[in-house]
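Take a look at the structure set out below.
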Amino acid sequence: GDVEAGFNEADVVLERTYQSSQIQCTPLEPHIVYTKIDNDRLVVHASTQVPFHTRRIVAKVCGIDENKVHVIKERVGGGYGSKQDILVEDVAGYATWLTRRAILYRNTREEEFIANSTRHPMRVTVKMGAKKDGSLTAVYMDVRANTGPYGNHCLTVPMNACSKTLPLLKCPNMKFDVTTYYTNIPPTGAYQGYGAPKGSYALMTCMAEMAEALDVDALEFAKKNHVERGFMLEILKSLGEGREGTVVPVGSCGLRKALDEGARMIDWGTRESTKSSDWRIGKGFAMIQQGSGLPGLDHSTCDVVMNTDGTFMVHSGGADIGTGLDTISVKCVSEVMRVPMDKVSILSGDTDNTMFDTGAYASSGTYFSGNASLKAVLNLKEKVLAEAALQMNVQVDDLELQEPGEVVCKSDGRRLPYSVLSHDALTGVGRGQLVGYGSFVTNNAAIPYGAHFAQVAVNVKTGEVKVQQFH
């Protein structure tokens with residue numbers, strides 16, 4: 001659209017600037033790595049969100065091929081974005097490769113603060129125009145990000161301050177500018193939310209101020225201007241990851257339901273009183289959206305093996321960092337194959353024994369790695385039914401899977417347990433090991449929506465803040 005024309009149409013124009021601070025991710029477990037040589041190969045035991053990127057970068061630093069590097073993602077004691085970067089694995093790996101000696105390296109908490117990634121401090125200016133009836137006519141965002149000395153994620157994090165906020169609004173005229181500055185503060189990088197919270201803080205606060213200026217209810221103002229199913233997100237064309245983005249319509253959108261439910265829970269519109277003249281109580285909300293990985297960039301793969309006793313082994317490239325991703329993959333297999341979860345085991349994030357996955361970041365786990373696991377087990381299901389049809393001498397269409405793990409012939413009721421099927425498949429008359437493969441990529445954004453509601457008490461003399469309700 002044309003933002004200048006939009007501002008000229010507006011009855012009220014506001015321009016506000018908001019500042020965020022630098023914060024360290026502070027996972028309970030600092031960055032830690034153990035490296036050793038095994039059979040003339042470099043083995044890296046890492047607390048990482050990105051095992052395959054770790055392998056690639058460590059191999060490059062050491063000047064060796066990737067087949068000489070084995071990365072094993074151990075249990076991760078918190079990452080929040082900071083373990084998306086390769087910050088200690090390359091140094092320890094290089095030293096081990098040169099000296100042939102094992103190394104255990106662990107950051108101190110001080111080193112976490114001064115030598116690892118932190119949240120980008122940002123200064124966000126929002127200029128907003130609206131008519132008296134509450135319709136937005138134009139929105140402009142100017143994002144200025146302090147990336148520190150190295151520029152980790154210096155394009156994508158500030159871009160997300162716009163790409164995860166502006167598409168919330170069905171405003172016809174929108175524009176943004178992003179500028180990144182290099183300075184001598186401690187390094188910045190990825191931090192949970194990946195830029196979106198700063199942009200959301202600025203845009204939602206400006207919307208609240210605009211509602212006040214128009215003398216309209218902030219919640220009704222938001223309802224009038226938020227996107228709905230089918231709205232074309234033209235702004236996404238300018239919000240790609242370093243390249244032109246794809247314009248898509250809004251698919252499922254739960255914003256209205258989230259706003260209505262949050263308003264009910266916090267009793268929106270009712271003023272809360274207090275006996276003390278020092279305290280004031282207010283209510284507020286924010287609309288939010290996030291992504292589900294990076295469409296057109298991220299890629300996840302998985303295989304699911306039926307063992308000889310009819311149990312299952314999942315090999316997922318995904319990196320569970322405490323989010324429950326391994327459980328999601330196991331549940332996919334359990335549900336499709338109609339077996340209890342304890343009949344399914346999983347190995348994930350091991351570059352020698354699992355296929356490629358871009359890693360755990362950008363809320364991609366369930367959508368990308370989970371869908372790879374789902375596609376793998378659906379592929380396995382087809383192969384199981386085909387093998388059962390061969391062994392039972394019936395058509396595939398006459399078979400179905402049933403609990404607790406068997407193939408049943410619908411026409412005559414015969415049952416073939418997985419244990420017998422898998423054992424016989426590995427004899428001289430079978431078709432061999434039953435393995436399903438799954439590879440997941442997509443251009444669909446799969447945007448999740450939501451809303452936060454808070455009731456906050458503020459001491460107007462001391463500045464003390466108490467969060468009384470949060471939904």
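Only this structure's heavy atoms are used, side chains among them; waters, hydrogens and symmetry mates stay out.
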Under the rule for salt bridge (Lys or Arg N to Asp or Glu O under 4.0 Å), what residues qualify as partners of Glu335, not counting sequence neighbours?
none
Can you sort out the partners of Glu212 under salt bridge (Lys or Arg N to Asp or Glu O under 4.0 Å), two or more places apart, ordered by chain and number?
none
Flag the pair [X] / [Y] as yes when at least one side-chain heavy-atom distance between them is below 4.5 Å, and no otherwise.
| X | Y | answer |
| --- | --- | --- |
| His226 | Lys170 | no |
| Ser252 | Arg229 | yes |
| Thr125 | Val143 | no |
| Met337 | Lys381 | yes |
| Met341 | Val333 | no |
| Ser316 | Ile346 | yes |
| Thr351 | Phe356 | no |
| Leu255 | Val227 | yes |

Between [Y] and [X], do the side chains contain a donor N or O and an acceptor N or O under 3.5 Å apart?
| X | Y | value |
| --- | --- | --- |
| Thr311 | Asn307 | yes |
| Arg123 | Tyr18 | no |
| Thr358 | His53 | no |
| Ser163 | Asn160 | yes |
| His70 | Asp350 | yes |

Step by step, would you call Glu29 with Lys83 a salt bridge (charged side-chain N to carboxylate O under 4.0 Å, His left out)?
CA-CA 11 Å; Glu29 174 201 51; Lys83 290 174 183 173; 2.8 Å; yes
Heavy-atom donor-acceptor pair, [X] side chain to [Y] backbone, under 3.5 Å:
| X | Y | result |
| --- | --- | --- |
| Ser300 | Phe440 | no |
| Glu387 | Ser422 | no |
| Thr96 | Gly93 | no |
| Gln469 | Ile266 | no |
| Asn379 | Lys375 | no |
| Asn39 | Arg41 | no |

Walk me through whether Tyr194 and Thr156 qualify under side chain to side chain donor-acceptor pair (under 3.5 Å).
CA-CA 8 Å; Tyr194 204 75; Thr156 48; 2.5 Å; yes
How about Tyr34 and Tyr105: are their ring centres within less than 6.0 Å of each other?
no
Verify the ring-centre separation between Tyr140 and Phe7: is it less than 6.0 angstrom?
no
Assess whether side chain to side chain donor-acceptor pair (under 3.5 Å) is satisfied between His120 and Thr188, documenting all intermediate values.
CA-CA 5 Å; His120 279 73; Thr188 65; 3.1 Å; yes
Residues Asn107, Val88; criterion side-chain contact (heavy atoms from CB on, under 4.5 Å); working and verdict:
CA-CA 8 Å; Asn107 270 352; Val88 296; 4.0 Å; yes
Parallel, tilted or perpendicular: rings of Phe285 and Phe453 (30°, 60°)
parallel
In this structure, CD of Glu111 is separated from CG of Leu87 (nearest 0.5 Å) by 12.0 Å
